[in-house]
Each structure stands twice: as structure tokens, then as C-alpha cells.
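Each chain gets a letter, A, B and so on, in the order its sequence line appears, and its residues count up from 1.
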Amino acid sequence: MTFILAEDAALKNYLGGLTVSDEKAPVRPVKVFFGYPDVEITVQTYPYITLELIDVRVAKDRQTTGRMYDSDNRGTVAPVVNRVYGYDMPIPYDLVYQVSSYARNPRHDRAILFQMQQRFPAQYGSLEVSNALGTETAYRHMFLDGFVKRDMIEDGRRLFRNAYTVRVVSEMTPYGANNALSTVQTVEINRITNEIPDGLTPVTHLTQGD
Amino acid sequence: MNINELSNKALVQAAERLTPQFRQEALNAGWPAQIVMQMTVEEQEGDLYISYPPNIAGQVDDLEYGTPSTPPNAIIRIFMADHTDGTEDIFESAFEDIASGLGAFN
């Protein structure tokens, strides 16, 4: 996977498997969502955790220069004998996430707090991120930059909420950056072909000038 | 004025210069003006921080960290992170202005 998508998936995976318990359920899973799910869903699924990417920062203090060479183009293509890829040193970034937890039950809240403190320690935190091929894994430094407890009353009921600010180090190759910034110039659509590849549907609603 | 007093004065000036910048960034991010205009960048014991009256603390927290139905709009954290480095320039500029006024560079 690519820059940001890989870290998103890794962080969601990292938070999977949290559970809490109470008198009605000895094991109650804590669901993890990107962004904010529909309120109707979350009402039925407390406790839950949300992930928000709140900042993407260039980390100039970690920038180095030079060329790198490998056989799998940074884990994006399968290696071929005698084929070597070369590219400029990647641009370092910090990805800043807000990880929020929500619970109605104080015991759930405490159980989540305990498990989150283990996953996001004050120091030596790391996040396991796989390359696109799934052949290699990197352990990225991960920092707990802040924690606030923001319990509130919602609809006459207590809502226990915690917000963690978590920073994950990352990097993007200049090639990836160029691709991300490239603008589509033209889109070619063949409206009369009879050779439609499997899985694709012919475009039938377009008229001249579309 | 000794060097510590000079430094503190420069930091206070730097905070004053950052306040309109912070407000503009908060407004650009969609924070309501009636909240933003009550917020200032201030200095305390050598550190810069965002200050606001206690009566709007709940609204500021809801904007910054989000609520169950609204996503976070993390302008305070982003601004403070942005100016961890940038503050050096503003501090140096304020320091030089003060020192020049004292005749330090004459």
C-alpha cells in the first residue's frame, strides 16, 4: 500500500482486538472506525474507537539526500533477477492521528484506558507497517504526543471519552510525490468497442460532448 | 535589563505577534469568530501556549477534539506544532527589535 493508506490500515489493525467485559458480556469487542460513523450505528455499538488523520507534516529534520537501489522498488513490485531500481531518498513525514475512545460504562472506559496505555506508551512505541507486496515489515516509531480526558453528559447519560494524539513517522518517495501531484490531462473513452474486458461495463449513457 | 529579562520580553512580544496569525488560521479552519477572538497566544515560564477564558473551554475542547457527532478540527495542536520551529524566527526578530532599542547593536 502507499503512503498514508498503509499507516491507516496498520493503525486500525493495531487497535483491533481490544475487548472489555461487564456483567452482561464477559467479552465485548471494541469496534474501530475511521472518521466518524453514523450516530445510529455507534449508539448500538458502545464502546468504540475512532481514528482521524489530523495532520501530515514534512519532517525536514530527518531529511537526507542521495540515491537508493533495491530489487523490489521499495516493496512495490516483485523482484526480477538482474533488475535493479534506483530512486532518490524518500521525503520523511510525520502523520498525526487523533485516536478517540467512547464508552458509556465506566468499567469499559477504564479497561480501554488500560489497553490504550499499553498500545501507546509514553516512549518506545512502534507501529508494524507492511510493504505493498506484503513481503517485508517495518516498525515505525510512534509517539504519544498528548492525551486528554473529555468525559461529558450526552442525552442525560454519561459518555466517557478519551483523545490520544499519536504521531507515526513515515516517508514518501519523490516518485510517489510526483504521482500524487500529477493532474489528469485527458480521459479517453471508447464508446463503440465490442471488446469489453471482464469485470467492466460498457458506457452507454454518454452523448457527444460529454 | 539583563539577558533573562531581555529574553522574556522578546518571548512576550513573539506571543503577541503570533496571536493574529493563530486567529487567522483558526478562522480559516472554520472555527467560529466569537470563540477565536477570545483566544490569544501567551507566554508563561518560557513556553508559548494558547489562552482562552474558562467559560469557552468546553466549546474549544469540542472544536479541537471533536464530539461523538463532529470530527476534530485540531487547530491548536497543529498551530503549536507548526510554531515549535517558526517561533525561533519571531523570537529572534522581537529580540533584535528590543536589543536595537537598547542600543545593543550600535
Chain A contact via B:Thr70 - side chain, backbone, both or neither, heavy atoms under 4.5 Å = backbone
ask   = Is the ring centre of A:Tyr48 less than 6.0 Å from the ring centre of A:Tyr46?
value = yes
message = Need one label for A:Val96: side chain, backbone, both or neither, based on atoms under 4.5 Å from any heavy atom in chain B.
response = neither
message = So that I can tick it off, tell me whether A:Arg57 and B:Asp82 are bridged by a salt bridge, with the cut-off set at under 4.0 angstrom between side-chain N and carboxylate O.
response = yes
inquiry  = Centre-to-centre under 6.0 Å for A:Phe160 and A:Tyr102, is that the case here?
reply    = no
message = Taking A:Arg104 first and then A:Glu154, would you say they form a salt bridge - that is, a charged N and a carboxylate O separated by under 4.0 Å?
response = yes
request  = Pick one of side chain, backbone, both or neither for B:Asp62, based on which atoms fall under 4.5 Å of a heavy atom in chain A.
outcome  = side chain
